[in-house]
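A quick write-up on the structure given underneath.
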Amino acid sequence: MTQSSEPTNYIYVPLHVELYADLVRRSSDADVSHLIAHSVESFLERTEGDPHIWSAEYIEKLVDEEDEAFREKYGDPGRGYQWQTVFLPNGTQIRMSYKGQDAYAEIRHDRFCYGEESMSPSQFARCVAENTNRNAWRDLYIKFPGEASWKLADSLRHRRALKLSDF
């Protein structure tokens, strides 16, 4: 947070004299305002979005801002990229390891994107593997928006095939 030294840019909060004196005794600086400001900033960062502390209106606004940022970067969360039988919603992350290095792609605005280029999953796998033929289903790992774990693309395809066979 950028702070100006103008006196009109501050408010003065009552602080019990014993608490203030204790801060001054413990600090090597008689001006402890920076310690107090740092503590408040740290509290705000640690508790951002905590519904037990902040109002429902604040939480709703925060969610709306995050949703708007997501939509701007990735597109409509209900849309995405159809890879044969597997649907990858906007915001999905894709990872491939090759020769000890990880490469990442993502689904943005209904396209499979590696950097700024649109391509297919197979093209991504081939590109990462230095133009050698690869089976993208067995090489790519998928992480859906809001999930923590990566899943092998082939397992998603087989799981989808099992669901379709139930019909």
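Note that the coordinates shown come from a computational prediction; the quantities given were computed from them, not determined experimentally. Starting from 1, each residue takes its place in the sequence as its number.
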For the atom pair [atom1] ([X]) and [atom2] ([Y]), what is the distance rounded to the nearest 0.5 Å?
{"X": "D154", "Y": "N135", "atom1": "CG", "atom2": "CG", "value": "6.5 Å"}
{"X": "Y104", "Y": "I94", "atom1": "OH", "atom2": "CD1", "value": "12.0 Å"}
{"X": "L156", "Y": "K151", "atom1": "CG", "atom2": "NZ", "value": "7.0 Å"}
{"X": "I36", "Y": "L19", "atom1": "CD1", "atom2": "CG", "value": "7.0 Å"}
{"X": "Y141", "Y": "L152", "atom1": "OH", "atom2": "CG", "value": "5.0 Å"}
{"X": "E106", "Y": "T92", "atom1": "CD", "atom2": "OG1", "value": "10.0 Å"}

Please tell me if the side chains of [X] and [Y] come closer than 4.5 Å, counting only heavy atoms from C-beta onward.
{"X": "P77", "Y": "P145", "answer": "no"}
{"X": "R111", "Y": "M119", "answer": "no"}
{"X": "R79", "Y": "H109", "answer": "no"}
{"X": "R26", "Y": "V32", "answer": "no"}

Would a hydrophobic clustering, with Ile, Leu, Val, Met, Phe, Trp and Tyr connected at side-chain separations under 4.5 Å, put F144 with W83?
yes

Is it the case that one hydrophobic cluster holds both W150 and L140, taking links as side-chain heavy atoms less than 4.5 Å apart, direct or via other members?
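Looking at the clustering, L140 is in a separate group from W150.
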
Might you work through the side-chain contact (heavy atoms from CB on, under 4.5 Å) test for H34 and D29, ending with a clear yes or no?
CA-CA 10 Å; H34 63 282; D29 190 354; 3.6 Å; yes

Has the side chain of [X] got a donor or acceptor atom that lies under 3.5 Å from a matching backbone atom of [Y]?
{"X": "Q93", "Y": "G91", "value": "yes"}
{"X": "S97", "Y": "G100", "value": "no"}
{"X": "D110", "Y": "Y81", "value": "no"}
{"X": "S27", "Y": "L23", "value": "no"}

I107 and F112: CA distance, side-chain angles, deciding distance, side-chain contact (heavy atoms from CB on, under 4.5 Å) verdict
CA-CA 5 Å; I107 306 302; F112 189 106; 3.7 Å; yes

Where do [X] and [Y] come nearest, in terms of heavy atoms and distance?
{"X": "A136", "Y": "A153", "value": "O-CB, 4.3 Å"}
{"X": "Y20", "Y": "A30", "value": "OH-O, 3.7 Å"}
{"X": "A103", "Y": "F124", "value": "O-CZ, 3.8 Å"}
{"X": "R108", "Y": "N90", "value": "C-OD1, 3.8 Å"}
{"X": "K143", "Y": "S149", "value": "CG-O, 3.6 Å"}
{"X": "W137", "Y": "Q84", "value": "CZ2-OE1, 3.7 Å"}

As a quick check of understanding, evaluate side-chain contact (heavy atoms from CB on, under 4.5 Å) for T85 and R157, giving each step before the final call.
CA-CA 7 Å; T85 60; R157 176 174 64 159; 4.1 Å; yes

In terms of heavy-atom contacts, does [atom1] of [X] have more than 12 from other residues, nucleotides or ligands at under 6.0 Å?
{"X": "E147", "atom1": "CD", "result": "yes"}
{"X": "R71", "atom1": "CZ", "result": "yes"}
{"X": "E72", "atom1": "CD", "result": "no"}

Electrostatic pair R126-E130, nearest N-O below 4.0 angstrom
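Result for this pair is no, no salt bridge flagged.
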
Set out, in order, the CA-CA distance, both residues' side-chain angles and the distance that settles side-chain hydrogen bond (donor to acceptor under 3.5 Å, both in side chains) for S33 and D31, then state yes or no.
CA-CA 6 Å; S33 62; D31 179 12; 2.8 Å; yes

Pick from H38, R46, E45: which one makes a side-chain hydrogen bond (donor to acceptor under 3.5 Å, both in side chains) with S42?
R46

Apply side-chain contact (heavy atoms from CB on, under 4.5 Å) to the pair Y114 and Q123, showing each step before the final yes or no.
CA-CA 10 Å; Y114 180 42; Q123 289 170 321; over 6 Å; no

